[in-house]
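Lettering of chains follows the sequences in order, A, B, ..., and the numbering in each one begins at 1.
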Amino acid sequence: MTLSLHNTLTRRVEPFQPLVPPRVTLYTCGPTVWNYAHIGNFRTFLFEDLLRRHLEFSGYEVFHIMNLTDVDDRTIKAAAAAGKRLAEHTAPFVEAFFEDSEYLRIRPAHVYPRATESVPAMVALVERLLERGVAYKGEDGSVYFAIGKFPGYGRLSNLDRRELKVGARVASDEYKKDDPRDFALWKKAEPIDEQVGAAWDAPFGRGRPGWHLECSAMSLDEVRRRFAVETLDIHAGGVDLIFPHHEDEIAQSEAATGCPFARYWLHGEFLNVRGTKMSKRFGNFLTARDLRDQGVNAAAVRPLVWQTHYRQPLDLNDEALEGARQGVKRLGELHERLRERGRSDSAGPAGTEVLAGLSRDVARDVAAALDDDLNAPQAVATVFDFVRAANRELDRAAGGAATALATFERIMGVLDVLPTPRALTPEFRRWIEEQLAARERARKTKDFEEADRIRVELRARDVELEDTPSGTKWRVL
RNA sequence: GGCGCCGUAGCCAAGUGGUAAGGCAGAGGUCUGCAAAACCUCGAUUCGUCGGUUCGAUUCCGACCGGCGCCUCCA
């Protein structure tokens, strides 16, 4: 089976065929670092993480580019409001983004171009567009893209024949453009821009880049320099970017290069809270650090995201998060069992390696599910089928644990949802051992009241006990 | 007004023109000193409503009801 992906351009699931296999250039729209990203933002980044990992698992050589939007309307406003220079304001949020990404186990992109460090590429792109006559300088001194000169405009969003809703957010500045739908490539520097240090000189006037321009310039610059092409294999982001952001990116990129900008457009749906999209605007947001501070393990967030298809809205609530957490615990238990058994598991006679066979099946099924437009919910279901079957076989002392362990870990390398053991201080560890020893003595003398008291005390400190024939095991929740 | 998405058990949710995955929660059981973990068994005669197409629809078409998103800088 081969990978198929839903392409927003065609609104169909299509076989995936990169321009120059096995290389895949992947560009994902990164955060705007005006504030902390919330977990709705991170849902998209997690979906992209899964995409990246599955591509690599499938043998592709992925070059992943994620930009950092560190200059735009919001960053400038936020910096001005804080009385800071732009870079001064965004720096901590850039740092926070990387911290949060790590917490959520998102694999780092290969490069993170920043808008403020890519101005020359943007200026060059604007000049190219001016030369081609598809961009013009407006009366207000800004440079606009003339969508009328780009016949394919609207293909991605299917909004070409749209009529703007009367009184919608079209408002204030369209009179400076030839066509109200034209968008700004380069915005003339305003006092507030100068105030925060967000203005650059350019042949067509001092100003700052428009948001859409940033992504086109940065992505094309990277693939041109590295691979001598001006086409991305995959461009991904949230559904809210389809229009106007990605539509405009296509227009300005293709008008400049004459090449298809991206072969596949992937868009992830929203993370909702009680049916409404999570958004700073609505105040219904939760950041990754909020979760972390609440003691929520990243290993619960990831499966929560996996259990909903990326093109479906995901509804978040405490019960759902707790459910994911419990499920992950079970995966962790199985992992532990496989490790224990794997250690003592000498290869049995051919045909008795039941666990190895089961793991082969689940690896195949997970790959097949993800090949089908990243059907992570299906993949997760398959994994849990394996969990039950594997536990059953482990109860029966079936062979093949070592192989199953290796395969299981390979699958977890894609989903990455195993809980991490909490780091313990030597003192705490010693205390636990002492309590266990005391409990063992009590049990030997049938003093179960004392034994249970100790168990409760340990549990109060998140230490869970499990009495097995081979002794008492413990784990920290 | 335009474009688009969604409505499947208490919660999160897959899926298919042929009679409903998986997880969590819940109930019973095996095991256990008791637990825990694990395993076994149990849950929608039904997939928002009403029509249509079909031998057959949750799945296709239409209408309606309900929820949501985008329509110039929101992942």
Side-chain angles (χ1 to χ4, degrees), chain A residues 11 28-32 37-48 69 72-74 154 157-166 168-171 173-174 180-184 187 210-212 214 236-245 247-248 267-272 274-281 303-304 307-309 311-330 333-334 336-337 369 375-385 387-388 391-392 394-396 443 446 448 451-452 455 459 464-469 472-475:
Chain A
R11 285 163 198 83
T28 59
C29 282
T32 301
H38 57 66
I39 57 172
N41 303 128
F42 274 108
R43 183 196 179 185
T44 299
F45 303 144
L46 281 166
F47 132 64
E48 292 159 351
T69 299
D72 81 320
D73 289 3
R74 288 179 303 170
S157 56
N158 197 24
L159 283 176
D160 49 336
R161 288 152 301 163
R162 73 186 181 287
E163 297 167 22
L164 295 172
K165 183 180 179 179
V166 182
R169 294 156 65 184
V170 201
D173 62 353
E174 73 273 19
R181 295 174 302 168
D182 290 348
F183 58 90
K187 299 181 161 190
W211 180 40
H212 315 311
E214 298 182 4
V239 282
D240 48 350
L241 299 186
I242 294 172
F243 188 88
H245 189 51
E247 191 71 62
D248 291 350
H267 291 99
E269 257 293 347
F270 292 131
L271 178 77
N272 290 336
R274 278 190 227 101
T276 303
K277 84 185 255 199
M278 178 174 284
S279 167
K280 291 263 166 54
R281 198 150 50 94
L304 179 74
Q307 75 178 6
T308 305
H309 188 96
R311 286 192 287 114
Q312 297 293 332
L314 187 166
D315 225 73
L316 175 74
N317 61 47
D318 290 344
E319 206 175 343
L321 191 59
E322 175 60 18
R325 206 178 69 80
Q326 290 301 332
V328 143
K329 203 174 150 198
R330 218 166 119 218
E333 302 289 352
L334 175 66
E336 196 48 47
R337 278 190 95 182
N375 193 336
Q378 183 60 53
V380 170
T382 298
V383 168
F384 276 103
D385 284 337
V387 170
R388 192 180 324 100
N391 271 315
R392 192 193 304 135
L394 283 164
D395 287 347
R396 291 178 192 163
R443 291 183 74 206
K446 305 277 189 210
F448 294 121
D452 290 348
R455 185 167 60 198
R459 185 63 186 75
E464 198 171 74
L465 300 190
E466 188 176 336
D467 295 325
T468 74
T472 299
K473 294 198 298 186
W474 58 273
R475 70 180 80 86

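Taking the side chain of Arg388(A) as heavy atoms from C-beta on, and the options G23(B), A38(B), C24(B), the nearest nucleotide is G23(B). Nearest to the side chain of Thr32(A), among A75(B), A37(B), C11(B), sits A75(B). Taking every side-chain heavy atom of Asp315(A) into account, C12(B) is the closest of G15(B), C12(B), C24(B). Picking from A36(B), G33(B), G22(B) the nucleotide with the shortest atom distance to the side chain of Asp385(A) gives G22(B). Which of A36(B), A75(B), G23(B) sits closest to the side chain of Phe270(A) comes down to A75(B). Proximity note for Thr308(A) (side chain, C-beta onward) versus C12(B), A75(B), C40(B): the nearest is C12(B). The listed nucleotides are C12(B), C34(B), A37(B); the one nearest the side chain of Ala320(A) is C12(B). When distances are taken from the side chain of Glu269(A) to each of C5(B), A13(B), G33(B), the shortest belongs to C5(B). Checking A13(B), A36(B), C5(B) against the side-chain heavy atoms of Pro313(A) singles out C5(B) as nearest.
Both Val239(A) and Arg330(A) lie close to RNA chain B; mapped to their nearest nucleotides by heavy-atom distance, the more 5′-ward contact belongs to Arg330(A). Each of Glu319(A) and Arg337(A) lies near RNA chain B, and the nucleotide nearest Glu319(A) is the one positioned closer to the 5' end.
The CG-C1' distance, from Leu316(A) to C24(B), rounds to 14 Å in whole Å. Atom P of nucleotide A38(B) and atom CG of Leu394(A) are separated by 12 Å, given to the nearest angstrom. Taking atom CG on Leu321(A) and atom P on C12(B), their separation rounds to 13 Å, with Å as the unit. The CD atom of Gln378(A) sits 17 Å away from the P atom of A20(B) (whole-angstrom rounding). Put simply, CZ on Arg443(A) is 8 Å from C1' on G33(B), counting in whole angstrom units. Per the geometry, CD belonging to Gln312(A) stands 17 Å off P belonging to C68(B), to the nearest Å. The distance from atom NE2 of His245(A) to atom C1' of A75(B) is 10 Å, rounded to the nearest whole Å. In this structure, CG of Leu271(A) is placed 12 Å from P of C12(B), rounded to the nearest angstrom.
Nucleic acid contact for Asp467(A): base, since at least one base atom lies under 4.0 Å from a heavy atom of the residue. At the heavy-atom level, Leu314(A) lies under 4.0 Å from the strands shown only through sugar-phosphate atoms. Residue contacts shown for Arg311(A) are absent, as no nucleic acid heavy atom lies under 4.0 Å away. The residue Leu465(A) sits close to a base: some heavy atom pair falls under 4.0 Å. Base contact: His38(A) has a heavy atom under 4.0 Å from a base atom. Nucleic acid contact class of Ser279(A) (heavy atoms, under 4.0 Å, all strands): none. Residue Gly268(A) is out of contact with every strand shown, counting any heavy-atom pair closer than 4.0 Å. As judged by a 4.0 angstrom heavy-atom cut-off over every strand, Pro377(A) is placed among the base-contacting residues. Within 4.0 Å (heavy atoms only), Val328(A) reaches no atom of the nucleic acid at all. Heavy atoms of Gln307(A) sit under 4.0 angstrom from at least one base atom. Backbone-only contact: Asp395(A) has heavy atoms under 4.0 Å from sugar-phosphate atoms and none from a base.
Under the side-chain hydrogen bond (donor to acceptor under 3.5 Å, both in side chains) criterion, Arg330(A) pairs with no residue at all, not counting sequence neighbours.
Listed here is the closest heavy atom pair of His267(A) and Arg311(A): O-CG, 3.8 Å. For Asp315(A) against Arg274(A), the heavy-atom pair with the smallest separation is OD2-N, 3.7 Å. Minimum interatomic distance between Lys277(A) and Asp240(A) (heavy atoms only, all atoms of both residues): NZ-OD2, 4.0 Å. Taking both residues in full, the closest heavy atoms of Ala379(A) and Ala369(A) are given as N-CB, 3.6 Å, listed atom of the first, atom of the second, then distance. For the residue pair Pro244(A) and His212(A), the shortest heavy atom distance occurs at CG-CE1, 4.0 Å.
No donor-acceptor contact under 3.5 Å links the side chain of Asn391(A) to the base of A38(B). Between the side chain of Asn272(A) and the base of C68(B), no donor-acceptor pair of N or O atoms lies under 3.5 Å. If you check distances only, the side chain of Arg455(A) does reach the base of C34(B) with a donor-acceptor pair under 3.5 Å. For a distance-only test at 3.5 Å, the side chain of Arg43(A) fails to qualify as a donor-acceptor partner of the base of A75(B).
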Pair Arg455(A)-Asp452(A), salt bridge (charged side-chain N to carboxylate O under 4.0 Å, His left out): steps then yes or no: CA-CA 5 Å; Arg455(A) 185 167 60 198; Asp452(A) 290 348; 3.3 Å; yes

Arg181(A) vs Asp248(A), test: side chain to side chain contact (heavy atoms under 4.5 Å, CB included). Steps then yes/no. CA-CA 10 Å; Arg181(A) 295 174 302 168; Asp248(A) 291 350; over 6 Å; no

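Ion pairing between a basic and an acidic side chain is recognised when a charged N comes within 4.0 Å of a carboxylate O; Asp395(A) and Arg337(A) show such pairing.
Distances shown here put every side-chain N or O of Arg181(A) at or beyond 4.0 Å from the OP1 or OP2 atom of U72(B). An OP1 or OP2 oxygen of C5(B) is reached within less than 4.0 angstrom by no side-chain nitrogen or oxygen of Arg11(A). Note on Asn317(A): a side-chain N or O is less than 4.0 Å away from OP1 or OP2 of C12(B).
Of the C1' atoms belonging to G26(B) and G43(B), the separation is 10 Å, rounded to the nearest Å. Using atom C1' as the reference point in both A25(B) and G62(B), the two lie 39 Å apart (nearest Å). Straight-line distance between the P atoms of G48(B) and G7(B): roughly 7 Å, to the nearest whole Å. Rounded to whole Å, the separation between the P atoms of U32(B) and A36(B) comes to 14 Å. Taking atom P on both nucleotides, C47(B) is separated from U59(B) by 9 Å, rounded to a whole Å. Using C1' as the reference atom, G22(B) and A44(B) are 15 Å apart when rounded to the nearest Å.
G33(B) has its base stacked against the ring of Phe448(A), the centroids being under 5.5 angstrom apart at an interplanar angle below 30°.
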